[in-house]
Trainee: 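Below are the structure tokens for one structure; questions will follow.
Just so we're on the same page: letters track the sequence lines, and every chain starts at 1.
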Protein chains: 2
Amino acid sequence: MRQGLSAKVSPMPIAASLLRSRVFDGLTDAERACWLDRGTTATFARGQTVARQGEPARSFYVLESGFLKLLQLTAEGTELIMRFVVPGEPFGGVVALSDAPYPVTAVAVQPSVVRTWSRETVADLLGVTPQVRVNIMREMASHMTHLLTRVRELTTARVDERLAHTLLRLARQCGRPTPDGVLITQRLTRQEFADLTGTTLYTVSRTLTKWESMGLIETRKRLLLLRSLEKLERVGGAEDE
Amino acid sequence: MRQGLSAKVSPMPIAASLLRSRVFDGLTDAERACWLDRGTTATFARGQTVARQGEPARSFYVLESGFLKLLQLTAEGTELIMRFVVPGEPFGGVVALSDAPYPVTAVAVQPSVVRTWSRETVADLLGVTPQVRVNIMREMASHMTHLLTRVRELTTARVDERLAHTLLRLARQCGRPTPDGVLITQRLTRQEFADLTGTTLYTVSRTLTKWESMGLIETRKRLLLLRSLEKLERVGGAEDE
DNA sequence: CGTGGGTTTGAGTCGGATCAAATCTCGTGG
DNA sequence: CCACGAGATTTGATCCGACTCAAACCCACG
């Protein structure tokens, strides 16, 4: 049923992204090792589902490598991307600690390796290293804040402004600096930008084209290059050309 | 001043809302009493601000009596209501446990009494009763889920549908059953409904008027009476007349 | 009574969704 | 290595929901 679980499971790899993950802040090396030991890894191909919205939460995850999107599906099937997950980031924590169904679906955008802990294992390990609970809460608090500003933007800001913020957020999360600006290191479709911003792919296309002609951004081999973060930040109020 | 739980009648119910608050689930009576002891109460008149968005978080709160709204302000001054707080509900918990500025402003809609714990006191008490941390996380998880569905609704649903959901949520939070339907026990202005739904007071007015003429709702002395929750739930897809 | 906050209602406008179609890209297999 | 086809993107034309502005109205209150 869950396609993802057919993925292969291996015990050995030591992922650097896990070691420096902020969920393990404040732990000793031994404690970190203990967490890693007790988790299993699973790999997912592009498009596979790691966890499904509405299912009872069975596991806590940290992404080792790859790239995931967390999304909500509407009744009509439109998908809305809540956020992306980059290596080192946890997900499913919300519910490994309270008990509720997963609030979102996690899908691999790139081939991904995920470290997994069962509910019981987490409960067990938290007994030994309660600091992790605090770290997870910190993550939650930060997502909460993001969601709040997103709700605010959705009701007050124009599409242009929201798209600009989406790009800036992506730049922060998976951008690489280059001489000409910040390159977003993921190939995202117009549709995905739209799902992320809460608009349609057509509007995204038009807007990006406009910005490209204004020299704000540039598309290089399917990747987006932001030439000026400052100017992007100012989009919204000052729409002229 | 604060005494054991062995019942003592007083004109002001002594924090009954606090005793049954879900933040204190799983605690013994003694532990609850301990929390209550260490908190101080403060009262706020209608319109006063309890905590301000952006300020460093100094306290954790539980509402004893009254009614609060948590809102975000935009640069232009538009306010957007994130949620209401009814007696027994905590707020500011997000940040008493991580450390970030308050993500929202809390304003008293009705004269309110608030129990307050300082950051340090909370840290102290959590050492003794760690269960409270879990309870707070459960609250956070539930708000998170609400925010997620709200974000989804804002991008996909029509105003009618969103307003209907707003009313249903209010009914759940502060509704009282009557023979004719559920009465929302707070006098909210059209503007507040709008701030809550992410629309304008004009659209709210038109929509409510329409629903009233359809017999879905009714205004009684400034309060809103929902005559049929079921029909309200079906609004959105089925707009006809 | 007046006065002011809240509400209703009307008319006009526009951002952005929708639908349709042409064009581009790139991975794939021949 | 090239040509093909599926998916992605661009662009145009049209339409509608909901915001905006303006004005009248309704009440609760002193």
Trainee: Choose from C:dG16, D:dG17, D:dT9 the nucleotide whose nearest atom is closest to any side-chain atom of A:T203.
Mentor: C:dG16
Trainee: For B:T200 and D:dA18, is the shortest distance between a side-chain N/O and OP1 or OP2 below 4.0 Å?
Mentor: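 Result: no.
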Trainee: Using only heavy-atom distances, decide whether a donor-acceptor pair under 3.5 angstrom links the side-chain of A:R190 to the base of D:dG7.
Mentor: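 Absent.
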Trainee: Which residue, A:R222 or A:Y202, contacts DNA chain D at a nucleotide closer to its 5' end, judged by nearest heavy atom?
Mentor: A:R222
Trainee: Rounding to a whole Å, what distance do you find between A:E192:CD and D:dT9:P?
Mentor: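 Result: 9 Å.
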Trainee: Output the distance between atom CG (B:L196) and atom NZ (B:K69), rounded to the nearest 0.5 Å.
Mentor: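 Separation between the atoms: 9.5 Å.
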Trainee: Taking 4.0 Å as the cut-off, does a side-chain nitrogen or oxygen of B:S205 come that near to OP1 or OP2 on C:dT7?
Mentor: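 Indeed not, no polar side-chain atom of B:S205 lies that close.
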Trainee: Round to a whole Å and report the spacing from CD of B:Q186 to C1' of C:dG6.
Mentor: 17 Å
Trainee: Without decimals, in angstroms, what is the distance between A:L201 CG and D:dG7 P?
Mentor: 15 Å
Trainee: Calculate the interatomic distance between B:D160 atom CG and D:dC19 atom P; express it in whole Å.
Mentor: 11 Å
Trainee: Describe the nucleic acid contact of A:T209 in one word from base, sugar-phosphate, nothing, applying a heavy-atom distance below 4.0 Å.
Mentor: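 Answer is sugar-phosphate: A:T209 comes under 4.0 Å of backbone atoms only.
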Trainee: Do the rings of B:Y61 and B:F91 sit parallel, tilted or perpendicular, given the 30° and 60° boundaries?
Mentor: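 Ring orientation of B:Y61 relative to B:F91: parallel.
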Trainee: From CG of B:L188 over to P of C:dG5, roughly how many Å is that when rounded to an integer?
Mentor: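 Value for this atom pair: 19 Å.
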Trainee: Using a heavy-atom cut-off of under 4.0 Å over every strand shown, decide if A:R187 touches base, sugar-phosphate, or nothing.
Mentor: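 Sugar-phosphate only.
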Trainee: Does one side chain, of B:T219 or B:E212, offer a donor that lies under 3.5 Å from an acceptor on the other?
Mentor: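 Yes, a side-chain donor-acceptor pair sits under 3.5 Å.
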Trainee: With a 3.5 Å cut-off and just heavy-atom distances, do the side chain of B:R206 and the base of C:dG10 make a donor-acceptor pair?
Mentor: yes
Trainee: Could you tell me whether B:R162 and B:E153 have a side-chain N and a carboxylate O separated by less than 4.0 Å?
Mentor: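 The answer is no: the pair does not qualify as a salt bridge.
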Trainee: Between B:L208 (CG) and C:dG6 (P), how many Å, whole number?
Mentor: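 The distance from CG of B:L208 to P of C:dG6 comes to 16 Å, rounded to the nearest Å.
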Trainee: Just the rounded figure in Å: distance from P of C:dT8 to CD of B:Q191.
Mentor: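 From B:Q191 CD to C:dT8 P: 13 Å.
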Trainee: Can you check the B:E153 CD to D:dA18 P distance for me, whole Å?
Mentor: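 To the nearest whole Å, that distance equals 13 Å.
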Trainee: Is A:D180 paired with A:R220 through a side-chain N to carboxylate O contact shorter than 4.0 Å?
Mentor: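 Result for this pair is yes, salt bridge flagged.
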